[in-house]
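Contents: one structure, followed by commentary.
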Amino acid sequence: MAEHDLGFAGAADLPSLDRLLGMPDFQAALAEFGRTQVTDALRHDLDACRAAALAGTLTHDTLAPAAFGARVTCALTERNCATLRPVFNLTGTVLHTNLGRALLPEVAVEAVMQALSAPANLEFDLATGGRGDRDDLVAPLLCELTGGEAATVVNNNAAAVLLMLATLAKRRDVVVSRGELVEIGGAFRIPDIMTHAGARLVEVGTTNRTHAADYRNAIGEKTALLMKVHCSNYAVTGFTKSVDVAEVVQIAKPHGVPVAVDLGSGTLTPLERWGLPHETTVQETIAAGADLVTFSGDKLLGGPQAGMIVGRKDLIAKIKKHPLKRALRVGKLTLAALEPVLRLYRDPDHLAERLTTLRLLTRARADMMVQAQRLAPALAQSLGEAYTVSAAPMVSQIGSGALPVEQLPSYGLAIAPAGGGKRGSGRALAALETALRALPYPVIGRIADQTLWLDLRCLEAADEARLALQFSELRA
Ligand SMILES: *Cc1c(COP(=O)(O)O)cnc(C)c1O
């Protein structure tokens, strides 16, 4: 045949699908992926071979049964690789929204594992045998920790704000300072959420200054709520004035108008105890007289994704009856994780050890420095002459809108292209960043000032060896 003379195979040389499937080269793939997937993948491969034969580019090597087996196994392995994968968060942002925010402590992991495979009293009252309320699993703890009268839990804080507004402010007015009309990443904007909840936003004050009189003058017959929103991801500085919660409460009270506060991160503990900057706690906000407070479960609180609404009993009761509550409710895995996390707060003396988020936020710089010094030589060796690697001080952030301007002194690896600042060094750094992301256990850092920074704040001792292994894979 002409094709053979040229070293190429023709369509007639293609083996049959059934004959290939019977060969030993396919038995492992059949056992792992099943007949349906292997047949489909093989058919696909044969189609590609046929097309190559017609184009005159099909080589005889391609047609060996072992080659078919290897290609099919490879394709199926890739196709069945999990899309949600663990990564190393070396970005320096501890609560990184795109990397899943808070990491759960071991007690929560164990509780989730149990809830995954065993029936549980999610909505079942073990005392009476009657129907229970899933909120009751955590509401008493939330009240104990925050001083609120009642509490309910939904899917996230955005849902908490939406549900609160839809219940209490439909077709009515909600007064918010212009300085607090925040946009959180991922299209959560206070004005938009108002619209979707059917509430009318009444903006008061200016971007930089809002006075008590602004709130006072805005109250009318249609006012459903005065609302304060935490400026999570920005700071207004300079010539500024805002009205604190206690004062807003004083203004609202004579009118019988409730005050709601969207705290965003909402910590349950005074962070200054651990040398961190102060962030308003939920307790303080309740104590200042707020009728309702909403906050996230997976930001500073350090738990699973969830949104809490804590506050006045009558208002929470109304909120719980709204049909949206059913649509926004949390699943059992969330509640399983949340309860032990909340319980950790009863023991503040062990909190920094046991609550992963707080442990990471309070890590000693010296600890990260030692890690950096241990890891730097291995990385330098993997990267070779083209880059310089040094253990270097750097600054981390809390992330997720908690204390956006505060920085935590940290330590890590600083990687710069050798010969610094030359043309093409930006490209060299971007290439390295891509290579780190492509590792089996992707390593995520950040580029700034012509340097790739790998902040080790979130690298706990147990994961250090795995990171070192990834660095050696980089060389391969
Ligand atoms: C983060 C944040 C939200 C959204 O919370 P999620 O739990 O991410 O839905 C809402 N409001 C404020 C002020 C926030 O900081």
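Order of appearance sets the numbers: ligands from 1, and atoms from 1 within every ligand. In this text, all values refer to a predicted model and were calculated from it rather than measured experimentally. Just so you know, residue 1 is the first one in the sequence shown, and it goes up from there.
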| remark: For R101, the ligand 1 atoms with a heavy-atom partner under 4.0 Å come out as 6 (P), 7 (O), 8 (O)

| Quick one: does M308 get within less than 4.0 Å of ligand 1, heavy atoms only? | no

| query | Should the pair D173-K222 be classified as a salt bridge under the 4.0 Å nitrogen-to-oxygen rule? | reply | no

| note | Quick note on ligand 1: atoms under 4.0 Å from a heavy atom of D262 include exactly 10 (C), 11 (N), 12 (C), 13 (C)

| field | Close approach of K299 to ligand 1, heavy atoms, under 4.0 angstrom | value | yes

| note | Note: I184, heavy atoms under 4.0 Å from ligand 1, region reported as side chain

| message | Closer than 4.0 Å to some heavy atom of F188 - which atoms of ligand 1 meet that? | response | 10 (C), 11 (N)

| message | Regarding atom 9 (O) of ligand 1: of the candidates S265, A158, C231, which has the closest heavy atom? | response | A158

| request: Could you list the residues that satisfy side chain to side chain donor-acceptor pair (under 3.5 Å) with R131, not counting sequence neighbours? | output: E123

| Heavy-atom count around R189 CZ within 6.0 Å, excluding the residue itself: above 12? | no

| query | F239 ring centre to R209 NZ or CZ under 6.0 Å, with the angle to the axis within 45°? | reply | yes

| query | Any ion pair linking E433 and R446 (charged N to carboxylate O, less than 4.0 Å)? | reply | no

| remark: Smallest heavy-atom separation, G445 atom then T91 atom, equals O-CG2, 4.0 Å

| request: Report yes or no: does V161 have a heavy atom closer than 4.0 Å to ligand 1? | output: no

| request: With heavy atoms under 4.0 Å as the rule, classify the contact between R189 and ligand 1 as side chain, backbone, both or neither. | output: neither

| Which atoms from ligand 1 have a heavy atom of S296 less than 4.0 Å away? | 5 (O), 6 (P), 7 (O)

| Which of the ligand 1 atoms, numbered from 1, are nearer than 4.0 Å to a heavy atom of G264 | 12 (C), 13 (C), 14 (C), 15 (O)

| query | Is any side-chain N of the basic residue among E149 and R312 closer than 4.0 Å to the acidic one's carboxylate O? | reply | no

| task | Would you mind running through ligand 1 and noting each atom that sits below 4.0 Å from a heavy atom of H230? | result | 13 (C)

| note | Scanning both residues in full, the closest heavy-atom pair of Y387 with L432 reads OH-CB, 3.7 Å

